[in-house]
Amino acid sequence: MSNATQSLAGTRITSLLDANSFVEIGKSVTARATDFNMTAEKAPSDGVITGYGVIDGNLVYVYSQDASVLNGTVGEMHAKKISRLYDMAMKTGAPVIGLVDCAGLRLQEATDALEAFGEIYLKTVLASGVIPQITGIFGTCGGGMAVIPALTDFTFVEGSKGKMFVNSPNALQGNHISKCDTSDAKFQSEETGLIDGVGTEEEILGQIRELVSLLPSNFEDNDSYVECTDDLNRVCENLENCVGDTGIALSQIADNGEFFETKANYGKDIVTGFMRLNGATVGAVANRSEIYDADGNKTEEMDGSLSSRGARKAADFVKFCDAFEIPVLTLTNVNGFKADLCNEKMMAKSVGAMVSAFAGATVPKVNVIIGKAFGNAYIAMNSKAIGADMVYAWEGAQIGMMDASLAAKIMYAGSDAATINEKAAEYRELQSSVDSAAARGYVDTIISPADTRKYVIGAFEMLFTKREERPAKKHGTV
């Protein structure tokens with residue numbers, strides 16, 4: 001145990017890790033620059049504490065920036081300590097957690113600091129898909145440092161003091177921090193798609209601990225299994241009442257009702273997160289049209305469409321799951337793509353990324369259609385057509401091109417209301433009923449909502465040994 005952990009940066013480490021498990025690496029490293037009155041005595045540990053410890057018995061590597069040392073600025077040796085920590089994590093196959101509180105690059109070290117900092121970028125890219133990488137922001141994360149959350153897998157921000165920005169709010173033309181604080185946790189969590197959780201320092205350290213316990217240590221060693229204490233055949237009573245807020249539905253399906261949601265404030269029409277089924281970690285993606293608070297009050301309502309942000313959010317999440325051999329469960333309830341000017345700008349690209357992620361993923365993939373499944377939005381949501389291994393559908397689900405009434409109005413334009421209603425009923429039975437889709441093989445089994453947990457657990461057990469090859473190539477370009 002290191003005496004350095006008496007600082008605020010060290011306190012964060014000890015609060016994050018299991019008691020008395022932290023071992024510091026590089027405690028004696030100091031800045032070697034002497035220009036502009038820089039001396040080694042002024043930069044103990046060069047402003048960053050690095051080392052390793054355990055979370056629930058799982059090995060992790062941690063660096064924590066110390067704002068009390070030169071405002072936590074990144075100098076040459078500061079950056080090299082982080083890079084060397086990554087080297088060790090890659091050798092042993094364990095996650096890296098960065099606790100950020102940094103005033104930027106150290107001006108007194110100029111190009112030495114820049115060159116060393118660039119090595120951190122390289123290490124995070126090389127580690128991507130090999131070991132999980134998590135960032136916690138407790139103070140300032142600005143300029144080049146703000147690129148780190150974009151290179152790591154998950155990011156959490158302290159709600160009152162955490163700041164993240166490439167350009168400060170006052171540097172943006174026509175803006176001022178009093179007008180729009182683009183660096184605060186609220187803006188970043190709602191607009192950038194990089195922030196997974198916001199809260200107090202204690203809350204986000206707890207969220208990081210919970211997340212680490214759900215994730216494998218690396219892409220080869222899936223050690224994230226625990227003994228299941230929940231009934232595998234548990235009936236999920238009234239699950240159909242959660243069709244709007246699928247975050248609640250997923251918690252009902254999960255072992256012991258525990259669901260860890262990611263990026264909750266971004267692309268809210270899509271839910272992403274982790275759960276356990278029969279003790280194994282599963283990644284979940286679901287359409288959402290309603291949001292309820294802890295007291296059961298509806299706080300937000302959406303139109304049931306898929307937005308460009310939601311598609312991008314789903315794509316990034318599925319790619320992470322596939323990289324770390326985490327099976328994927330989807331709950332589909334979508335009536336089309338979001339139709340407005342803002343979404344149209346990025347819709348095709350975002351949906352393309354989502355389709356690519358689902359189609360390219362070789363992990364076990366199970367889809368449950370719980371409501372409407374219309375048009376190409378349905379196809380993009382892990383349908384049988386793009387590679388879902390098993391597709392279930394609730395009784396009464398609708399699967400097809402579009403709503404039957406709208407289809408009848410288009411096909412029989414100019415007809416009277418009686419004719420439209422008659423043809424709509426016919427279309428509903430022949431083209432958009434769950435029985436019609438099942439008859440064509442697009443749905444494997446029609447199930448009762450209450451039996452959803454039993455069926456998806458059975459499917460993932462069956463798919464446990466799945467192996468699937470893809471065309472040989474360097475990498476895709478989507």
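What's counted below: heavy atoms across the whole structure, side chains too, no hydrogens, waters or symmetry copies.
- Met462 is listed as a side-chain neighbour of Met390, based on a closest heavy-atom distance under 4.5 Å.
- Heavy-atom contacts from other residues, nucleotides or ligands closer than 6.0 Å to NZ of Lys179 number 12 or fewer.
- A donor atom on one side chain and an acceptor atom on the other are not found under 3.5 Å apart for Ser308 and Arg312.
- Leu329 contributes atom CG, which lies 6.0 Å from atom CE of Met275 (distance to the nearest 0.5 angstrom).
- Thr246 places no side-chain N or O within donor-acceptor distance of the main-chain N or O of Ala249, the cut-off being under 3.5 Å.
- In this structure, the separation between CD1 on Ile82 and OG on Ser64 is 10.0 Å, given to the nearest 0.5 Å.
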Task: Candidate pair Gln207 and Val198, rule side chain to side chain contact (heavy atoms under 4.5 Å, CB included), full reasoning - done: CA-CA 9 Å; Gln207 289 171 3; Val198 176; over 6 Å; no
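- At least one donor-acceptor pair closer than 3.5 Å links the side chain of Arg234 to the backbone N or O of Gln252.
- For the pair Val243 and Ile370, the tightest heavy-atom approach, listed with the atom from each and the gap, is CG2-O, 3.6 Å.
- To the nearest 0.5 angstrom, Arg309 atom CZ is 12.0 Å from Lys338 atom NZ.
- Using modelled atom types, no side-chain atom of Lys298 and backbone atom of Glu290 make a donor-acceptor pair closer than 3.5 Å.
- When all heavy atoms of Ala315 and Ala357 are compared, the pair lying nearest together is O-CB, 3.6 Å.
- Considering all non-hydrogen atoms of both residues, Ala314 and Ile270 come closest at CB-CG2, 4.2 Å.
- Using a 4.0 Å cut-off between charged side-chain N and carboxylate O, Arg467 and Glu469 make no salt bridge.
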- [ ] Determine, step by step, whether Gln133 and Ser128 satisfy the side chain to side chain contact (heavy atoms under 4.5 Å, CB included) criterion, reporting the C-alpha distance in whole Å, the side-chain angles of both residues, the deciding distance to 0.1 Å, and the verdict.
- [x] CA-CA 8 Å; Gln133 301 176 70; Ser128 181; 4.1 Å; yes
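- For the residue pair Phe460 and Val328, the shortest heavy atom distance occurs at CZ-O, 3.5 Å.
- Other residues, nucleotides and ligands place no more than 12 heavy atoms under 6.0 Å from the CD atom of Glu344.
- When each of Ile97, Leu16, Asp56, Leu17 is paired with Val212, the side-chain contact (heavy atoms from CB on, under 4.5 Å) condition holds for Ile97 and for no other.
- The minimum heavy-atom distance between Met145 and Tyr121, with the atom names listed, is N-OH, 4.5 Å.
- Qualifying side-chain hydrogen bond (donor to acceptor under 3.5 Å, both in side chains) partners for Asn167, counting only residues two or more places apart in sequence or in other chains: none.
- With a 4.5 Å cut-off on side-chain heavy atoms, Leu126 and Val130 do not count as touching.
- Heavy-atom contacts from other residues, nucleotides or ligands closer than 6.0 Å to OH of Tyr442 number 12 or fewer.
- At a cut-off of 3.5 Å, with distance as the only test, a side-chain donor of Thr332 or Asn367 sits close to an acceptor on the other residue.
- Side-chain atoms of Glu227 and Thr229 form no donor-acceptor pair, as typed in the model, at a separation below 3.5 Å.
- Using a 4.5 Å heavy-atom cutoff, the side chains of Ser224 and Leu215 are not in contact.
- No side-chain heavy atom of Gln188 sits under 4.5 Å from any side-chain heavy atom of Ile137.
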- [ ] Begin from the C-alpha positions of Asp316 and Lys263 and carry the test salt bridge (charged side-chain N to carboxylate O under 4.0 Å, His left out) through to its verdict.
- [x] CA-CA 11 Å; Asp316 291 343; Lys263 295 180 174 55; over 6 Å; no
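- Here Ile134 contributes atom CD1 and Leu211 contributes atom CG; the two are 4.5 Å apart, rounded to the nearest 0.5 Å.
- Between Ser383 and Ile386 there is a side-chain heavy-atom pair separated by less than 4.5 Å.
- A donor-acceptor pair is defined here as one N or O able to donate and one able to accept, closer than 3.5 Å; no such pair exists between the side chain of Thr140 and the backbone of Gly142.
- Using modelled atom types, one side-chain atom of Thr272 and one backbone atom of Thr262 make a donor-acceptor pair closer than 3.5 Å.
- Atom CG of Asp196 and atom CD1 of Ile204 lie 11.5 Å apart (nearest 0.5 Å).
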- [ ] Check step by step if side chain to side chain contact (heavy atoms under 4.5 Å, CB included) holds for Tyr392 and Thr452.
- [x] CA-CA 9 Å; Tyr392 299 106; Thr452 302; over 6 Å; no
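- Neither side chain, Ser433 nor Asp435, offers a donor N or O lying under 3.5 Å from an acceptor on the other.
- Counting only heavy atoms from C-beta outward, the side chains of Val434 and Ile369 never approach each other to under 4.5 Å.
- Between the side chain of Asp444 and the main chain of Val391, a donor-acceptor pair closer than 3.5 Å is present.
- The line from OH of Tyr266 to NZ of Lys313 is 9.0 Å long, rounded to the nearest 0.5 Å.
- The backbone N or O of Lys186 lies less than 3.5 Å from a partner atom in the side chain of Ser189, making a donor-acceptor pair.
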Task: Phe337 and Asn343: CA distance, side-chain angles, deciding distance, side chain to side chain contact (heavy atoms under 4.5 Å, CB included) verdict - done: CA-CA 9 Å; Phe337 298 126; Asn343 277 274; over 6 Å; no
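- Lys384 NZ: more than 12 foreign heavy atoms inside a 6.0 Å radius.
- Remark: the backbone N or O of Ser83 is not paired with any side-chain donor or acceptor of Glu119 at under 3.5 angstrom.
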Can I get a per-line list of side-chain donor-acceptor pairs under 3.5 Å for residues 278-289, giving both atom names and the distance, sequence neighbours left out?
unit_1: Asn278; atom_1: ND2; unit_2: Glu461; atom_2: OE2; d: 2.7
unit_1: Thr281; atom_1: OG1; unit_2: Leu214; atom_2: O; d: 2.6
unit_1: Thr281; atom_1: OG1; unit_2: Arg276; atom_2: NH1; d: 3.3
unit_1: Asn287; atom_1: OD1; unit_2: Asn333; atom_2: N; d: 2.9
unit_1: Arg288; atom_1: NE; unit_2: Lys268; atom_2: O; d: 2.8
unit_1: Arg288; atom_1: NH1; unit_2: Glu261; atom_2: OE2; d: 3.4
unit_1: Arg288; atom_1: NH2; unit_2: Lys268; atom_2: O; d: 3.0

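- Between the side chain of Asp269 and the backbone N or O of Ser307 there is at least one donor-acceptor pair closer than 3.5 Å.
- Contact check on Asp153 versus Lys319 returns no salt bridge, with no Lys/Arg side-chain nitrogen under 4.0 Å from an Asp/Glu carboxylate oxygen.
- You'll find the side chain of Ile291 reaches within 4.5 Å of the side chain of Met302, heavy atoms only.
- Taking the six-membered ring for Trp and thresholds of 30 and 60 degrees, Phe260 and Phe156 have ring planes more than 60 degrees apart, a perpendicular arrangement.
- For residues 280-327, the ring-ring contact (aromatic ring centres under 6.0 Å, His included) pairs, not counting sequence neighbours, are Phe154-Phe320, Phe274-Phe317, Phe320-Phe324.
- Scanning both residues, Asp101 and Gln65, for their nearest heavy atoms gives N-OE1, 3.1 Å.
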Open item on the list: Show, in sequence, the C-alpha distance, side-chain angles and deciding distance for Arg209 and Ser213, and conclude whether the side-chain hydrogen bond (donor to acceptor under 3.5 Å, both in side chains) test is met.
Closed with: CA-CA 6 Å; Arg209 283 185 59 88; Ser213 71; over 6 Å; no
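- Considering only heavy atoms from C-beta on, Cys141 stays 4.5 Å or farther from Ile148 through its side chain.
- Without hydrogens or angle criteria, Asp295 side chain to Asn297 main chain gives no donor-acceptor distance under 3.5 Å.
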